[in-house]
Amino acid sequence: AVVSTQSGHYGREGLSLHNKMSDVVRVMSRNNSGLDVRDRIWLKLKIPDAFTGTNLVNWLYRNVHGFSDRREARKYATGLLKGGFIVSAVNNQTFSEQRYYHISPHFNSH
């Protein structure tokens, strides 16, 4: 259950902007996190275990307390990409809500 407060939402895990990005990604990567991770098809290519930038921004906004608006969640997603916590499925270094992403296999090392 998500608890609503005057200043935003707390996800089931009680995540906030005070958590390390690696902690947010660890929760996000769980099978039951609510992030829509699945095999995708792009230009007839199969992209396994991917999520869209839109899915990510929506998940962050719903599950991490402290964003005043969705735009801030999008900036945070950009930080996840720049920090190497997520990687673009097509090797692009600019975050876009229309692209596919994977959780980096190396995020635990941050």
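Just the heavy atoms: all of them, side chains too, but no hydrogens, waters or symmetry mates, feed the values below.
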Contact between R99 and N92 at the side-chain level, heavy atoms closer than 4.5 Å - yes or no? yes
Using modelled atom types only, decide if a donor and an acceptor are shared between the side chain of D69 and the backbone of E72 within a distance under 3.5 Å. yes
Working to the nearest 0.5 angstrom, can you tell me the gap between R26 CZ and M28 CE? 11.5 Å
Taking ring pair (Phe, Tyr, Trp, His ring centres under 6.0 Å) as the test, write out the residues that go with F95, two or more places apart. Y101
Check: residues 42-52 side-chain donor-acceptor pairs under 3.5 Å, at least two apart:
residue: K46; atom: NZ; partner: D39; partner atom: OD2; Å: 3.4
residue: T52; atom: OG1; partner: N55; partner atom: N; Å: 2.9
residue: T52; atom: OG1; partner: N55; partner atom: OD1; Å: 2.9

Examine V87 and V57 and state if one hydrophobic cluster contains both, with Ile, Leu, Val, Met, Phe, Trp and Tyr joined whenever side-chain heavy atoms are less than 4.5 Å apart. no
Kindly write out the residues that satisfy side-chain hydrogen bond (donor to acceptor under 3.5 Å, both in side chains) with Q93, not counting sequence neighbours, or none if the list is empty. none
Cluster check L56, V37: I/L/V/M/F/W/Y, side chain < 4.5 angstrom: yes
Any link between V90 and I86 through a network of hydrophobic side chains (Ile, Leu, Val, Met, Phe, Trp, Tyr) touching at under 4.5 Å? no
Quick one: which residue pairs count as a salt bridge (charged side-chain N to carboxylate O under 4.0 Å, His left out) with a foot in residues 73-96, not counting sequence neighbours? R74-E97
Going by heavy atoms in the side chains, are L80 and L60 under 4.5 Å from each other? yes
All side-chain contact (heavy atoms from CB on, under 4.5 Å) counterparts of N19, not counting sequence neighbours: L15, S16, D23, V24
Under 3.5 Å donor-acceptor, S33 side chain and S29 backbone: no
Do F85 and S22 have side-chain heavy atoms sitting under 4.5 Å apart? yes
Shortest non-hydrogen contact from S104 toward G84: CB-O, 3.0 Å
Out of curiosity, T94 OG1 to L81 CG, how far, rounded to the nearest 0.5 Å? 8.0 Å
Any side-chain heavy-atom pair of W59 and V64 under 4.5 Å: yes
With a 6.0 Å cut-off (strictly less than), is the heavy-atom count around CZ of R70, excluding the residue itself, greater than 12? yes
